[in-house]
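Here the structure is a predicted model, which means the values were calculated and not measured.
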Amino acid sequence: MTDKEEVTAAGDNPEMILTGKKSGKALLLDSGEDFDMLDDDEIDDDPPPLEDAGGGKKTKKEPAEDQDASPSSLVDEWMDILGNGQLRKKVLRAGNGPDSRPTKGQNVVIHLKTSLADGTLIEEQPELSFTLGDGDVIQALDLTVQLMEMGEKALVQADAKYAYGALGSLAPEVLPSADLALEVQLLDATEAPDLELLSPQERVALAGQKRERGNVYYQRGDYAFAVNSYGFALQITESSSKVDISPEEEEELMDIKVKCLNNMAAAQLKLDHYEAALRSCVSVLAHQPDNIKALFRKGKVLALQGEYADAIRNLKMALKLEPSNKTIHSELSKLVKKHSEQKGAEQAMYKKMLGNPGSGDMQKHQAKSSWGVSWKWLFGATAVAIGGVALSVVIAARN
């Protein structure tokens, strides 16, 4: 039992980043590498207007609509989106005004050209669609597109940490720690569909996409973003429906839900969010009491919280369901040893607090015995003294 859960990689989505095999399957790896993520305090819920974030008035003439400007010709027009110089945006063609900007949660369509910082073209996607703010694409796109106007074309320079990071990507093929230049044009923005009106198969497909995206984040060691994607998938599976759904389709949605909860628990464990991980495991076991992965992870969480007895009980249940699992055997052995050491330490502490009952009784017995000897000696001495006095009286009387 490990955190390695087989997942299907979204090979048909160019933004789904794989770091494992090039085949259509990938493993939910227990990666130890850390991925440098964007801090929450660097993201504003309401992005600043272009005129407030660009660092001053424009000093250069706007390029013509049919002509793209080079980065060197409009150097004063770069917008430093996060204030750290690692994600910058420059308008190449103006859009339809600030009121036409998309908002988080909308489905957007963009024309995207991805190049290396030196201008080498990696790929071009005429119509890339995604939900804005859901983490469906790299951070550079999620953060900049919400600042764009409808019809706007922009050039984005992204540091590797907001692109494909230290691990790089296989699809598209990007080397590790590579900075990117993105040419983006916003083509369309529409409201996300009402989940209650989606057909069961549409819900299954959409939830599956979000779950796969979470798996990709997990593989990269991007656990906070993984939890976020799994959360979106769970919202889709748990939403009510105004459309008829068959038992088979309900079971399919439940299967996705359980997988999301299991994977979410694994990511939450990586983040040391033990209470959240425990809730995820409990939710899985409410639907599937014999889910081995949930029992195993619940046992790990309880052990980390110091609840060794409950942890051992859960691991024994998992081992009973899968007796040949070496990982469960190993984890259970370690917990039994820790529990035994804990009990020994507790007993020693109690003895220290209460004292040594055996030695106390012996001291009382010795004190009692000593008192008894002293009393007998005193009684004997008194008797001898009285006898002596009596003998003296008798002798005196005879004389």
Ignoring hydrogens and geometry, is there a side-chain-to-backbone donor-acceptor pair from [X] to [Y] under 3.5 Å?
X	Y	result
Ser340	Val336	no
Glu331	Ile328	no
Asp179	Ala117	no
Ser330	Lys326	no
Asp80	Gly85	yes
Ser333	His329	yes
Asp142	Gly135	yes

Is any side-chain heavy atom of [X] closer than 4.5 Å to a side-chain heavy atom of [Y]?
X	Y	answer
Arg211	Tyr230	yes
Met264	Leu234	yes
Leu112	Leu182	yes
Ile312	Leu315	no
Asp159	Leu87	no
Leu304	Leu269	yes
Gln146	Arg101	no
Ile256	Val204	yes

[X] and [Y]: side-chain donor and acceptor closer than 3.5 Å?
X	Y	answer
His111	Glu183	no
Glu275	Gln268	no
Glu152	Gln185	no
Asn107	Thr131	yes
Tyr217	Asn215	no

Nearest 0.5 angstrom please: [X] [atom1] to [Y] [atom2], how far?
X	Y	atom1	atom2	answer
Asp222	Arg213	CG	CZ	9.0 Å
Leu186	Glu149	CG	CD	9.5 Å
Glu307	Leu278	CD	CG	10.0 Å
Gln288	Leu295	CD	CG	10.5 Å
Gln209	Ser229	CD	OG	11.5 Å
Leu82	Arg88	CG	CZ	12.5 Å

For a side chain to side chain contact (heavy atoms under 4.5 Å, CB included) check, start with the C-alpha distance between Asp136 and Leu141, then their side-chain angles and the critical distance, and finish with the verdict.
CA-CA 10 Å; Asp136 295 342; Leu141 289 174; over 6 Å; no
Under the side chain to side chain contact (heavy atoms under 4.5 Å, CB included) criterion, do Leu121 and Ser115 qualify, and how do the steps go?
CA-CA 4 Å; Leu121 181 65; Ser115 304; 3.6 Å; yes
Passes side-chain hydrogen bond (donor to acceptor under 3.5 Å, both in side chains), Asn84 versus Tyr162? Steps please.
CA-CA 12 Å; Asn84 58 9; Tyr162 303 115; 3.0 Å; yes
Step-by-step ring-ring contact (aromatic ring centres under 6.0 Å, His included) determination, Tyr218 to Tyr223:
CA-CA 5 Å; Tyr218 188 95; Tyr223 304 119; 5.2 Å; yes
With salt bridge (Lys or Arg N to Asp or Glu O under 4.0 Å) as the test, would you mind laying out the steps for Glu196 and Arg203 before giving the verdict?
CA-CA 9 Å; Glu196 293 183 341; Arg203 288 173 61 193; over 6 Å; no
Going by side chain to side chain contact (heavy atoms under 4.5 Å, CB included), Val184 matches just one of Val145, Leu155, Leu92. Which one?
Val145
Test side chain to side chain contact (heavy atoms under 4.5 Å, CB included) applied to Phe130 and Val108, step by step
CA-CA 6 Å; Phe130 59 94; Val108 298; 3.5 Å; yes
Inspect the surroundings of CG in Asp244 and state if more than 12 heavy atoms from other residues, nucleotides or ligands are less than 6.0 Å away.
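No, because the 6.0 Å sphere around CG of Asp244 holds 12 heavy atoms or fewer from other groups.
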